[in-house]
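Inspection log for the structure reproduced underneath, given as structure tokens.
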Amino acid sequence: MNEQPMDNTENREELNELMRVRRDKLKDLFDLGIDPFGEKFERTHTAQEIIDRFDELEEQDTKICGRIMSMRTHGKASFADLVDHTGRIQLYFRVNTLGEEGYALLQKLDIGDILGVTGKIFRTRRGEISVEVQDFKFLSKSLRPLPEKWHGLKDVDLRYRQRYVDLIVNPGVREVFETRSRIIQILRNFLSERGYIEVETPMLHVIAGGASARPFTTHHNALDMDLYLRIAPELYLKRLLVGGFDRVFELGKMFRNEGISTKHNPEFTMCELYMAYGDASDMMKITEEIYAHVAMELVGSTKIVFQGQEIDLTPPWPRKPMLEAIKEYSGVDLTGLNDEQARQLAKEKGLEIEPNATYAHVLDEFFDVYVEPHLIQPVFITDHPVEVSPLAKRKKDNPRLTDRFEPFIVTWEVANGFTELNDPVDQEQRFRQQMAQREKGDDEAHMMDEDYIRALEHGMPPAGGLGLGIDRMVMLFTDSPSIRDVLLFPHMRPRS
RNA sequence: GAGCCAUUAGCUCAGUCGGUAGAGCACCGGACUUUUAAUCCGGGUGUCCCGCGUUCGAGUCGCGGAUGGCUCACCA
């Protein structure tokens, strides 16, 4: 490699015709003493500002910058569309204004180039607000052709792998991510206004706790020890309640070493919050309020449309114990059964159940098959079995069940919350049960966390906790059927 | 991890019964000083995802593989 940036044009045989032509134009610009990869440009207006304030700006000079997205040449006059982060504005080039030499430079211009333009704001004969270009600078030459203007980029594989191209040519994509940013901002403000302190806890865990999931492992070289990427921040956040924080939340990435689907990505964003001296009912209230508040801020209504279906987020949402929901949709009452009786009922219903499935597993299966598909409008499913809720407090009137809830919207589980178990003795027993599960081969069962028990032994106030799936919330509010549509760079296998 | 489907030009897509590769946009050359999916004239730019096989002959049929999508399983 030499010092000249032009030298890789020598690999021409590897470039197709379209790219070769652009490299040639690049070289021509260099030869003319023009830097095709310009410099800082101080704009005076954005595209949208010029459109919005045309009445006062007409006939005024302006400096704008952005990417050229289409061109219409007419001999000695030409039109182009310049797009910036706010929108599109038409450029008008005339040989009379630019001079022969300046106008000839247009031949070196390609769709996709980033320009800085100085010109005058006016309206064309056909009524379009435009900028008549007096001078233009190449701020960045584009060396690759963009997808075509009508259909954009459709190939989802390419859209996700080359999100930068997707963002350039499919305008709706950026809107989704702008909305995502707004939702997170709204949520932060909402929690902050209610006295929740945002904290950051470790992502590298010695014990992967706080959820039932397989973790990713990594290695710390200096300490020569394996670490886990966090599957949940829960156990750290509750240590903070022990330490005297009253209301805390953490918003960030979680990592779970599990399958990928339209609703699952190996790394995803969750917001967990904890309220000392509260319980599950407080957490249900705040869940409803958050969804309703975000909807109001975003669309000015608590009714939204997802995939053509109206969803009414207006609080309060119905609460429905899991066993009642199963009874309602399957006609089977699973209340108070032992493992054997539960398996028997599952078999009678033709459900596929592991031979040594527990009561809790059977409940889960019944729920997934008979209940979940019906949960379109928001509803809290409550009172999960203790075996699958090792960090939740038992219900006072039924120690087999916990004071837990999961809100469902459009059949998705969008959050998970409960009254926190603050009894260290019970917690230790629960961990031991989980370890027994683990030894039976359930590698998603919780690990023992001795230090967490120790923290509880110092006394943790009664508390409500909640984990909000942020990606699913964004999917709902952006009408996106796949999680990949709300992740800028969803996980993809590398191309071989 | 399993099943079904897809993969052809830079992009969006056709391609019949197995007979030697097509369109639109983009691009290149020409005309055109208010167009806007500009228009008009001329030009096809290709590892038909990869490999093996069947065949006189494979984009097309068979087998294997890669990547993606959907469904299922696990979860938020």
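Computed from a predicted structure; not experimentally measured. Values reported hereafter were calculated over all heavy atoms of this structure, with side chains retained and with hydrogens, waters and symmetry mates removed. Below, chains carry the letters A, B, ... as their sequence lines are ordered, and counting in each starts from 1.
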In this structure, how many angstroms lie between the P atom of B:U12 and the CG atom of A:D166, rounded?
11 Å

RNA chain B: A:D471 or A:P481, which has the more 5' nearest nucleotide?
A:P481

Whether the side chain of A:Q90 and the base of B:U35 hold a donor-acceptor pair under 3.5 Å is what I'd like checked.
yes

Give the rounded distance in Å between these two atoms: CZ of A:F93 and C1' of B:C32.
17 Å

Nearest-Å distance once atom C1' is located in both B:G69 and B:C25
25 Å

Classify the nucleic acid contact of A:N265 as base, sugar-phosphate or nothing, counting any heavy atom under 4.0 Å across all strands shown.
base

A:R72 (side chain) and B:U35 (base): donor-acceptor pair under 3.5 Å:
yes

NA contact type, A:R161, heavy-atom cut-off 4.0 Å: base, sugar-phosphate, or nothing?
sugar-phosphate

If you look at every strand shown and take non-hydrogen atoms under 4.0 Å, does A:T73 touch a base, only sugar-phosphate, or nothing?
base

Closest nucleotide among B:U35, B:A76, B:G69 to the A:I483 side chain
B:A76

With C1' as the reference atom in both, quote the distance from B:A58 to B:C17 in angstrom, rounded to an integer.
14 Å

Given the structure, check if the side chain of A:N96 and the base of B:U33 hold any donor-acceptor pair shorter than 3.5 Å.
yes

Between atom CD1 in A:I129 and atom C1' in B:U34, what is the gap in whole Å?
15 Å

State the pairing partner of B:U55; accept Watson-Crick or G-U wobble contacts with both distances under 3.5 Å, and report none otherwise.
none

If you look at every strand shown and take non-hydrogen atoms under 4.0 Å, does A:I111 touch a base, only sugar-phosphate, or nothing?
sugar-phosphate

Taking a pair to mean Watson-Crick or G-U wobble geometry with both distances below 3.5 Å, B:G44 pairs with none

Touch class at under 4.0 angstrom, heavy-atom based, for A:S261 against every strand present
base

So A:E128, base contact, sugar-phosphate only, or nothing? Heavy-atom distance under 4.0 Å.
base

Pick the P atom in B:U60 and in B:U16, then give their distance to the nearest Å.
11 Å

Which of these nucleotides, B:C70, B:U36, B:U34, is closest to any side-chain atom of A:R88?
B:U36

Neighbours of RNA chain B within residues 366-381 of chain A, by heavy-atom distance under 4.0 Å:
none

Using the side chain to side chain contact (heavy atoms under 4.5 Å, CB included) criterion, which residues pair with A:S181? Sequence neighbours excluded.
none

So, A:F408 versus A:F380, ring centres under 6.0 angstrom or not?
no

Ignoring hydrogens and angles, state whether a donor on the side chain of A:H384 or A:S389 is under 3.5 Å from an acceptor on the partner side chain.
no

State whether the distance check finds a donor on one side and an acceptor on the other, under 3.5 Å, for side chain A:R126 versus base B:U36.
no

Within less than 4.0 Å of OP1 or OP2 of B:G68, is there a side-chain N or O belonging to A:R493?
yes

Roughly how many Å apart are B:A23 and B:G46, using the P atom of each and rounding to a whole number?
14 Å

Within the 4.0 Å heavy-atom criterion, would you say A:R484 contacts the bases, only the backbone, or no part of the nucleic acid?
sugar-phosphate

Is a side-chain N or O of A:R22 found less than 3.5 angstrom from the main chain of A:R144, in a donor-acceptor match?
yes

With respect to the side chain of A:R472, which nucleotide from B:G69, B:A76, B:U33 is positioned closest?
B:A76

Is A:G469 touching bases, backbone alone, or none of the nucleic acid, heavy atoms closer than 4.0 Å?
nothing

Can a donor-acceptor pair be found, under 3.5 Å and without considering hydrogens, that links the side chain of A:R438 to the backbone of A:D443?
yes

Pick out the pairs of N or O atoms, protein on one side and nucleotides 47-50 of chain B on the other, that lie under 3.5 Å.
none

Quick one: does A:Y274's side chain have a donor or acceptor within less than 3.5 Å of a partner on A:L240's backbone?
no

Take atom P in B:U45 and the same atom in B:U7, then report the distance between them in whole Å.
23 Å

Whether over 12 other heavy atoms sit under 6.0 Å from A:Y228 OH:
no

When all nucleic acid strands are considered with a 4.0 Å heavy-atom cut-off, which category describes A:F122: base, sugar-phosphate, or nothing?
base

Can you tell me the distance, in whole Å, between the NZ atom of A:K76 and the P atom of B:G30?
13 Å

Partner lookup for B:U39, please. Criteria are Watson-Crick or G-U wobble with both distances under 3.5 angstrom; report none if nothing qualifies.
B:A31

Does the A:E258 side chain pair with the main chain of A:R214, one donor and one acceptor, at a distance under 3.5 Å?
yes

A:F30 and A:F37: aromatic ring centres closer than 6.0 Å?
no

Partner lookup for B:U12, please. Criteria are Watson-Crick or G-U wobble with both distances under 3.5 angstrom; report none if nothing qualifies.
B:A23

In this structure, how many angstroms lie between the P atom of B:U67 and the CD1 atom of A:I260, rounded?
11 Å

Atom P, compared across B:G18 and B:G62: separation rounded to whole Å:
11 Å

For the rings on A:F306 and A:W412, is their centre-to-centre separation under 6.0 Å?
yes

Pair A:T419-A:D403, side-chain donor/acceptor within less than 3.5 Å:
yes

From CG of A:N416 over to P of B:C74, roughly how many Å is that when rounded to an integer?
17 Å

Quick test of the criterion, 5.5 Å between centres and less than 30° between planes. Is A:F268 stacked on B:A76 or not?
yes

Distance, C1' atom - from B:A73 to B:C52, rounded to whole angstrom:
33 Å

Starting from P on B:U36, measure out to CD1 on A:I68 and report it in whole angstrom.
18 Å

Side chain to side chain donor-acceptor pair (under 3.5 Å) partners for A:R174, two or more places apart:
A:E178

How is A:M254 classified with respect to the nucleic acid when contacts are heavy atoms under 4.0 Å: base, sugar-phosphate, or nothing?
nothing

Hey, what's the ring geometry for A:F136 with A:F93, parallel, tilted or perpendicular (30° and 60° as the breaks)?
perpendicular

Identify each atom pair where a protein N or O and an N or O of nucleotides 3-11 of chain B are less than 3.5 Å apart, giving names and distance.
residue : atom : partner : partner atom : Å
B:C11   : O2'  : A:G152  : O            : 2.9

NZ or CZ of A:R239 within 45° of A:Y236 ring axis and under 6.0 Å:
yes

Side-chain atoms of A:V95 come closest, of B:U33, B:U67, B:C27, to B:U33

Integer-rounded Å distance: B:C70 C1' and A:D485 CG
14 Å

Watson-Crick or G-U counterpart of B:G68, or none if no pair lies under 3.5 Å:
B:C5

How about A:T269 and A:R180: does a side-chain donor come under 3.5 Å of a side-chain acceptor?
yes

Mind checking what makes ring-ring contact (aromatic ring centres under 6.0 Å, His included) contact with A:Y329, not counting sequence neighbours?
A:H374

Integer angstrom distance from the P of B:C70 to that of B:C56
43 Å

